[in-house]
Participant: 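Here it is, the structure in full.
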Amino acid sequence: MAMMDETSGPAAGVLTRRRFIERLGLVGGTTMILAGMEALGFGIGSAHAAPPVLTGSGNGKSIVVLGAGLAGMTAAYELTKSGYKVTVLEARSFAGGRCQSARAGVTITELGGQAQTCNFDDGLYINHGPWRIPYHHRSTLHYTKTFRVPLELFVNDNDNSYVYFEKGTGPLAGKPIRKGQIAADARGNAAELLAKVVNKGGLDLPMTQEDRDLFVAYLVNEGYLSPKDLAYSGAEGRGYEIHPGAGVDPGPGKLTTPYSMTDVLHSKTWSVLTSVAGYEQQRTMFQPVGGMDRIAKAFEKQVGHLIRYSSVVQKIKQSDAGVEVAYTDSDGKPAVVKGDYCICTIPLSVLKSIDMNVSAPFKEAMNNVAYAPVGKIGLQMKRRFWEEDHAIYGGHVHTDMRDIGSMSLPSTGFQSQKGVILGYYQFGNEAAKISAKTPAERAAHAVAAGQKIFPEYAENFETAFSVAWHRVAYNLGGWAEWKEDGRRDYYPTLCKPDGRIYLAGEHLSYMTGWQAGAIESAWQQIAHLHRRVMA
Amino acid sequence: MKSLILAGPMIASLISFSGAQAAPATGAALFAENCAACHQPKGEGIAGAFPALAKNAFVKGDPKVVAATILNGRGGMPSFRSDLSDAEIAAVLTFVRASWGNRAVPITPVVVASARSAKVAEGPRKIMQAH
């Protein structure tokens, strides 16, 4: 409609950008609009959503990619499509980097640790590396779509799951409490307090009477208050003691009684309520059906023929002529691969110990990036008691037991017999501490904690698989952990190439620890490299 | 056992921190719990991954710098600032500086406290979950 008005109005002769785009839409639909916006520099189909278009050909220039994780395989896949000759060196006997899933037969031996073999039943697994994909990580979703990796929803928020805080005080401390009840009561009680004060004119608000009335109406809605006396007396969403049903019994059911504001405050459980609203903690998330490593396998199907497995990099040497990487091959024999350029995705925690001729500032920057100690454990349970006895289908159990972090219930295999619970997910020195334990001690620690929340936990536990990423060779940490000064002093240096060496990986993004960070960092670096080759 | 004896002088300063019935953690016990997973039980480290603390010049060096490393973390090593008290950090450092061939003066809680008060760059916000 607006379109018609403008074309026939006085401004019709002036082709504004907006009008141009609207007209594109008329002829070509949304695809044309998107293309048009891209051309005008609006960037709706931004670098975050699709790989860079490498116009022209790499003309057989050779690229050595170090690491066959998501960053390395992204680079290999996109560069090969544009006529580059790519060789990938991978230290492990399989591709994927941290994108792994543990299922029966998977083994791991941490540095200084005992060998573990995963003993889960067929079909069961734990994603002990990355485990969820927020809907706005369009780069990861670009590849799951391109490679047809089936996804299912990952339950990142579940009101019916428990919050367990034992360091608070009062009657709610040390008891599993339904998250939705805490949320309702915190909102309800806070809204009641505020509504009553505002209604009495107790706050000197820069508001008209009408605004004030609307604000109170908002609080009534926000906090489930009674419009009559502005009191919070519970909310049906926090659940029923007797669920509504048929006939007169149970009939309408019986609502639960809310917790008092004092009890909620002292329990400290309210501190979990903002977790899910975070940018990276969206409610809508995905996971590949069958395990996160489906993504790694899908990439491997495309670029596997370029990968030299069990090839451990020893030395990276560059000159005006090119890059030479010395490594030990799968037989443990020394070998060398040469290329015009190198894309190095080796985590900095590992790379800093590899002999490499880069500038002093580059070296200094690499040495000053911290990596997060991270621990996870998968616990196979005989029976899905969290579903059967507690009506919890996926989602997390948040706790203030810092050596547990959080637990998580599987978002897959609902209503089947067994399931694998994420028994802990802890960071920092808590992860360092727990990683000193043997695999059996770790499992015992996780089961003892779970027993505090679910009485059925210990009796249903069958077998565990744990990982402490800071003790895993070729990773030495869960993800890069930048501090403010590091982002300022070192990050920009590492984002630029040093001679012929380009670094890529989650560590060179503002999405550290996410697969999207690895992919988008690779996209950015290959775009830079290609521009240089074409210049 | 030898290490327990060496850590002896620090025990007195730990008593105030001890729990209701638990004996105060010794430097050796604190080391086993917090450090050994990476630096290994005898401080031997793992080449290319975790530095050895045995016969390590840095470990034997300036007490303030060593204390700051535990407080703030370094490279892949996390910060223990909010998890260990000054007395505990002093105890574990004193233990490390007197074990496996190291021989350096004990570190007192006062030194740790003064290192703690030095300004540090802000790390990422503590969160319930990540990634």
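Treat the numbers as computed from the prediction; the structure is a model and nothing was measured. Every chain is numbered from 1, with letters handed out A, B, ... down the list of sequences.
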Participant: Over all heavy atoms of both residues, which pair between B:Gln40 and A:Gly112 is shortest? Give the atoms and the distance, please.
Facilitator: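 Scanning both residues completely, I find the closest heavy atoms to be OE1-CA, 3.4 Å.
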Participant: Which atom names give the shortest non-hydrogen contact between A:Ala432 and B:Ala37, and what distance separates them?
Facilitator: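 Closest heavy-atom pair between A:Ala432 and B:Ala37: O-CB, 3.3 Å.
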Participant: At under 4.5 Å between heavy atoms, what parts of residues 51-72 of chain B are in contact with chain A? List them by residue number.
Facilitator: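 Answer by number: B:Asn72.
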Participant: When rounded to the nearest 0.5 angstrom, what is the spacing between CD in B:Glu33 and CG in A:Asn429?
Facilitator: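 The CG atom of A:Asn429 is 10.0 Å from CD of B:Glu33, to the nearest 0.5 Å.
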Participant: Of the backbone (N, CA, C, O) and the side chain (C-beta and beyond), which part of A:Leu111 lies under 4.5 Å from a heavy atom of chain B, both, or neither?
Facilitator: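 Answer is both: backbone and side chain atoms of A:Leu111 are under 4.5 Å from chain B.
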Participant: What I want to find out is whether B:Asp83 reaches A:Lys433 closely enough, with some N-O distance under 4.0 Å, to be called a salt bridge.
Facilitator: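 No.
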Participant: In chain order, what residues pass the salt bridge (charged side-chain N to carboxylate O under 4.0 Å, His left out) check against A:Glu364, with sequence neighbours excluded?
Facilitator: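 Once residues adjacent in sequence are excluded, A:Glu364 has no partner under the salt bridge (charged side-chain N to carboxylate O under 4.0 Å, His left out) criterion.
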Participant: side-chain hydrogen bond (donor to acceptor under 3.5 Å, both in side chains) with A:Ser267: which residues, sequence neighbours excluded?
Facilitator: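 Scan of A:Ser267 (side-chain hydrogen bond (donor to acceptor under 3.5 Å, both in side chains), adjacent residues dropped) gives A:Thr269.
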Participant: For A:Glu110, which atoms come within 4.5 Å of any heavy atom of chain B: side chain, backbone, both, or neither?
Facilitator: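 Neither part.
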Participant: So for atom NZ, which belongs to A:Lys268, do other residues, nucleotides or ligands contribute more than 12 heavy atoms lying within a distance under 6.0 Å?
Facilitator: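 Not more than 12 within 6.0 Å, no.
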Participant: Return all side-chain donor-acceptor pairs below 3.5 angstrom for residues 41-50 of chain B, not counting sequence neighbours, or 'none' if the list is empty.
Facilitator:
{"residue": "B:Glu44", "atom": "OE1", "partner": "B:Lys42", "partner atom": "N", "Å": "2.9"}

Participant: B:Pro78, B:Cys38, B:Ala32: which one forms the most heavy-atom pairs within less than 4.5 Å of chain A?
Facilitator: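 Heavy-atom pairs under 4.5 Å are most numerous for B:Pro78.
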Participant: Heavy-atom distances under 4.5 Å only: say whether A:Lys352 touches chain B with side chain, backbone, both or neither.
Facilitator: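 For A:Lys352, the contact with chain B is made by the side chain alone.
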Participant: In Å, rounded to the nearest 0.5 Å, how long is the span from CD of A:Glu481 to OG of B:Ser79?
Facilitator: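 Between atom CD of A:Glu481 and atom OG of B:Ser79 there are 9.5 Å.
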